[in-house]
Each structure stands twice: as C-alpha cells, then as structure tokens.
Amino acid sequence: MIVLRHRAVPLTLLGTGELTMVGTQRAVPFRYAATSCCGRARWIAREAGPPAPQQPRLLDRVRAALRARHYSRRTEKAYVHWIKRYIFFHGKRHPAEMGAAEVTAFLTALAVRDRVAASTQNQALNALLFLYREILGVELPWLDGLVRAKRPQHLPTVLTREEVRTVLEQLDRAPRLMALLLYGAGLRLLECCRPRIKDVDFATNQITIRDGKGSKDRVTMLPSAVKIDLARHVERARALHQRDIAAGAGWVELPWALGRKYPNAGREWAWQWVFPATRLYVDPSTGQRRRHHLHESVVQRAVREAVLKAGLAKKATCHTFRHSFATHLLEDGHDIRTVQELLGHQDVSTTMIYTHVLNRGPAAVRSPADRVFPA
C-alpha cells in the first residue's frame with residue numbers, strides 16, 4: 001500500500017478514482033481512495049489489476065460470425081445494412097432490448113410504407129433472424145402479424161438472335177468479349193468478371209466457374225465465336241502482368257488462406273484475372289500492389305449504352321444475355337437437364353421458367369386464329 005498526502009485538498013473533493021504514477025519505469029495505474037484524518041486529506045493508493053477486456057461491438061460480432069460461416073462479402077454488406085436500418089427504425093434501441101413485435105413492425109413497414117419487393121423483405125428478415133439466432137442467442141417466435149410482400153411471377157426478358165447480334169456489334173474490346181461470354185456460356189455477371197487464367201481451358205473449350213452462386217463450382221462451354229479474340233486478350237493481359245512485375249507489383253488477391261499457404265502464388269500467371277482492372281491498388285494488410293478484376297459496372301454501363309444505340313424496344317441488361325442463352329438452347333432442342341447444369345441451377349424448376357417463353361413444347365397451344373387465317 002502507498003499513502004499519498006496533500007495538504008491543500010479540501011474535504012469536499014474527497015472520493016475515489018484512478019491515477020497513474022510516472023517514474024523512471026513504465027507508468028503504473030493505481031486505484032486510490034481519498035479519506036480525511038485530523039482535518040487533512042490523504043490518499044490510499046493500491047495498484048490496479050489489468051483492465052477488463054472490452055466486448056466487441058454488435059456489428060463487429062455480426063461481421064465476424066458471417067465470415068466464420070464463409071458468407072459472401074455481398075451478403076455480409078447486406079445483412080449489416082438491414083441490421084442498421086432496423087436499429088435506426090426503432091430510435092437506436094439495442095436489438096437485445098427488442099423482440100418479435102419490433103421485428104414485425106419493421107418488416108411490415110418495409111412492405112406497406114416503403115413498398116419493397118418480396119425478395120428485399122425476405123433479405124431483411126434473414127438478416128434479423130441471423131442476428132437474433134446466431135449473435136444474441138434468441139429464438140424469435142413465429143411472426144404472426146407480419147405483412148409479407150407478395151412475390152410476383154415475372155417472365156424473363158429474352159432477346160432474339162438478331163437482337164443479340166445487333167447489341168454485340170455496338171460493343172468492343174473487353175466489354176464485347178465479356179458480353180459474348182454472358183450470352184455464349186450463360187454466365188452470371190460476376191462469374192464473367194472473376195475467372196482466372198487457370199480456369200479457361202482453350203484445349204477442351206471449357207470454362208470452370210469457381211465459387212459460383214451457392215459456393216458451387218461448375219463447368220460450362222467456351223464458345224468458339226469468342227475463342228480467338230479471347231486468346232489475343234489473354235496475351236495482352238500476360239504482357240500487362242509482366243510490366244506489373246517489373247514495376248514491383250503483379251499481385252492479385254487469393255481466395256481464403258492460400259496467400260499464407262503459398263506466399264508467392266499471388267504473383268503467378270495462373271492466378272491472374274482474365275479481365276484485369278486498369279488500375280493498381282495497395283492492399284493495406286500486406287502492402288502488396290495488386291490488380292483487381294474489371295469491375296462489373298464497366299460491363300453494365302457498356303451494355304446499357306449498346307442497347308440504347310441498337311434502338312431495342314426491350315429493357316435488356318447483362319442478365320438478359322443469360323436468359324437468351326437458356327431460351328435459345330431449349331429452342332434448339334437441348335434437354336432441360338443439360339441447360340440446368342450449364343446454368344448452375346440447383347433445382348430444375350428454376351430452369352423451367354424458360355419454357356414459358358417458347359411457342360412449342362408440351363404446354364404449347366396453337367391459336368385458333370392461325371387456323372382461320374393461316375400464314
């Protein structure tokens with residue numbers, strides 16, 4: 001115990017607290033208590049123990065739990081967004097102080113007041129269920145009073161072969177190659193942006209899709225129409241990679257913990273992106289100068305401008321090429337199971353939607369007007 005005395009301290013300032021003694025060695029925290037004796041103030045100081053570890057914040061716990069379960073970055077971003085909106089909707093109350101009634105009120109407001117789509121409301125519901133089950137350890141009772149947004153049944157927009165040709169003729173360079181892969185291989189937009197050099201096999205005319213939707217891999221075709229131009233593009237990407245290495249860069253991001261397992265793999269040619277970005281960036285954790293893949297917004301803007309230049313009366317996007325791919329395969333007589341595997345659908349019922357835009361098949365009906373006035 002250390003006793004500290006001070007003559008000029010009034011008795012009204014007596015109390016407890018913490019101070020730090022600084023000497024020739026490191027600063028040492030002390031707990032002190034002020035008392036009085038014979039009209040004079042005195043402090044009794046005792047060395048404090050180590051401070052209690054600070055609990056991580058709620059959203060940091062959510063992020064850590066999502067990453068531990070290998071959720072995608074986009075899912076993590078969406079879940080954190082909905083949890084924030086839920087907290088602000090109820091005046092910044094902590095979710096532990098709320099329950100099923102508050103969750104119902106928030107989700108009902110999304111459907112009634114904000115008129116969000118059913119998929120948007122379901123995403124918000126999944127985010128809140130994850131928060132309460134996995135983070136707070138609370139099992140919410142069934143939300144009886146919840147107003148659910150009605151999920152509409154939309155038919156996909158499909159381009160004809162001539163319309164596809166017209167749009168592709170308005171594109172050039174990397175966006176044209178990527179749009180041709182979207183249509184010729186039925187890829188999703190991010191699947192088209194993320195292939196690496198090792199995933200494209202020119203010998204067998206195959207593209208391997210790694211970690212697609214649902215964290216599944218699959219193999220799809222490499223169209224002959226894009227093969228020659230894509231090979232030339234890959235050679236230009238190789239020259240760019242060699243210039244990056246000469247400049248002290250040339251790194252790419254590796255999945256999961258491969259960067260620690262193979263420290264030099266991030267510079268190998270096989271791991272480079274097929275469609276590299278135009279700019280370098282510095283990874284803050286490693287200090288490496290890396291090049292990311294081409295951002296999906298580049299292709300989206302290019303396709304939108306191409307559709308406007310083509311003068312189409314349809315609202316076509318990058319995903320329209322995927323719809324057109326599936327529909328045209330079915331029109332050519334390919335089995336729906338084959339189309340399902342090429343698209344990467346888990347259930348064949350998802351692929352069945354493309355049969356509704358066909359004018360033939362088991363559900364096709366010929367109009368009586370065609371019999372009265374044959375073409």
Side-chain angles (χ1 to χ4, degrees), residues 16-22 26-32 46-110 114 116 119-143 146 190 194 211 213-215 251-263 266 281-290 292-293 295:
T16 61
E18 183 174 336
L19 57 87
T20 301
M21 293 188 63
V22 181
R26 65 179 179 86
V28 182
F30 286 89
R31 296 286 181 185
Y32 68 88
R46 294 179 175 87
E47 186 174 355
Q54 188 176 6
Q55 288 290 338
R57 297 183 301 176
L58 178 67
L59 294 181
D60 291 337
R61 292 166 58 192
V62 172
R63 294 186 182 95
L66 288 168
R67 293 172 186 176
R69 291 163 176 79
H70 290 180
Y71 280 67
S72 69
R73 295 181 181 177
R74 289 175 176 253
T75 303
E76 174 186 329
K77 183 178 180 181
Y79 277 26
V80 170
H81 165 76
W82 286 117
I83 292 172
K84 284 182 179 179
R85 283 192 59 173
Y86 172 64
I87 294 173
F88 279 94
F89 180 83
H90 290 291
K92 297 183 180 181
R93 292 172 58 190
H94 196 281
E97 302 173 358
M98 300 183 284
E102 288 78 9
V103 172
T104 301
F106 172 67
L107 296 175
T108 301
L110 289 179
D114 299 338
V116 302
S119 58
T120 303
Q121 189 192 44
N122 289 335
Q123 187 184 69
L125 173 61
N126 291 335
L128 297 181
L129 290 178
F130 182 87
L131 169 67
Y132 278 95
R133 289 175 180 172
E134 307 298 337
I135 308 301
L136 302 178
V138 176
E139 190 69 29
L140 292 177
W142 183 249
L143 309 177
L146 175 62
L190 283 179
R194 292 176 177 174
D211 198 21
K213 189 174 182 179
S215 299
W251 298 91
V252 294
E253 180 184 5
L254 296 178
W256 310 119
L258 285 179
R260 294 195 302 268
K261 187 175 183 180
Y262 306 110
Y281 73 97
V282 178
D283 180 65
S285 60
T286 62
Q288 298 173 348
R289 296 174 61 194
R290 295 179 174 178
H292 201 50
H293 61 71
H295 198 269

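Because the structure is predicted, anything quoted here is derived from the model rather than measured.
Rounding to the nearest 0.5 Å gives a distance of 4.0 Å between CZ of Arg290 and CG of Asp283. Atom CG in Leu107 sits 12.0 Å away from atom OG1 in Thr120 (nearest 0.5 Å).
For the residue pair Leu140 and Ala100, the shortest heavy atom distance occurs at CD2-N, 3.8 Å. Of all heavy-atom pairs spanning His90 and Ala105, the tightest one is CE1-CB, 4.3 Å. The minimum heavy-atom distance between Ile135 and Leu58, with the atom names listed, is CG2-CD1, 3.9 Å. When every heavy atom of Leu254 is checked against every heavy atom of Gly266, the shortest pair comes out as CD1-N, 3.7 Å.
Residues meeting the salt bridge (charged side-chain N to carboxylate O under 4.0 Å, His left out) test with Arg194, sequence neighbours left out: none. By the salt bridge (charged side-chain N to carboxylate O under 4.0 Å, His left out) test, Glu139 is found to be paired with Arg133, residues two or more places apart in sequence or in another chain being considered. Residues meeting the salt bridge (charged side-chain N to carboxylate O under 4.0 Å, His left out) test with Arg67, sequence neighbours left out: Glu76. Under the salt bridge (charged side-chain N to carboxylate O under 4.0 Å, His left out) criterion, Asp211 pairs with no residue at all, not counting sequence neighbours.
The environment of Arg69 atom CZ is dense: over 12 non-hydrogen atoms of other residues, nucleotides or ligands sit within 6.0 angstrom.
Contact of the Phe106 side chain with the Leu128 side chain is registered, since non-hydrogen atoms from C-beta on lie closer than 4.5 Å. By the 4.5 Å heavy-atom criterion applied to side chains, Val80 and Arg63 are counted as neighbours.
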Determine all donor-acceptor pairs shorter than 3.5 Å in which one atom belongs to a side chain in residues 256-263; sequence neighbours excluded.
none

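Residue pairs meeting the side chain to side chain donor-acceptor pair (under 3.5 Å) criterion with at least one member in residues 79-88, sequence neighbours excluded: Trp82-Gln123, Arg85-Asp114, Tyr86-Tyr132.
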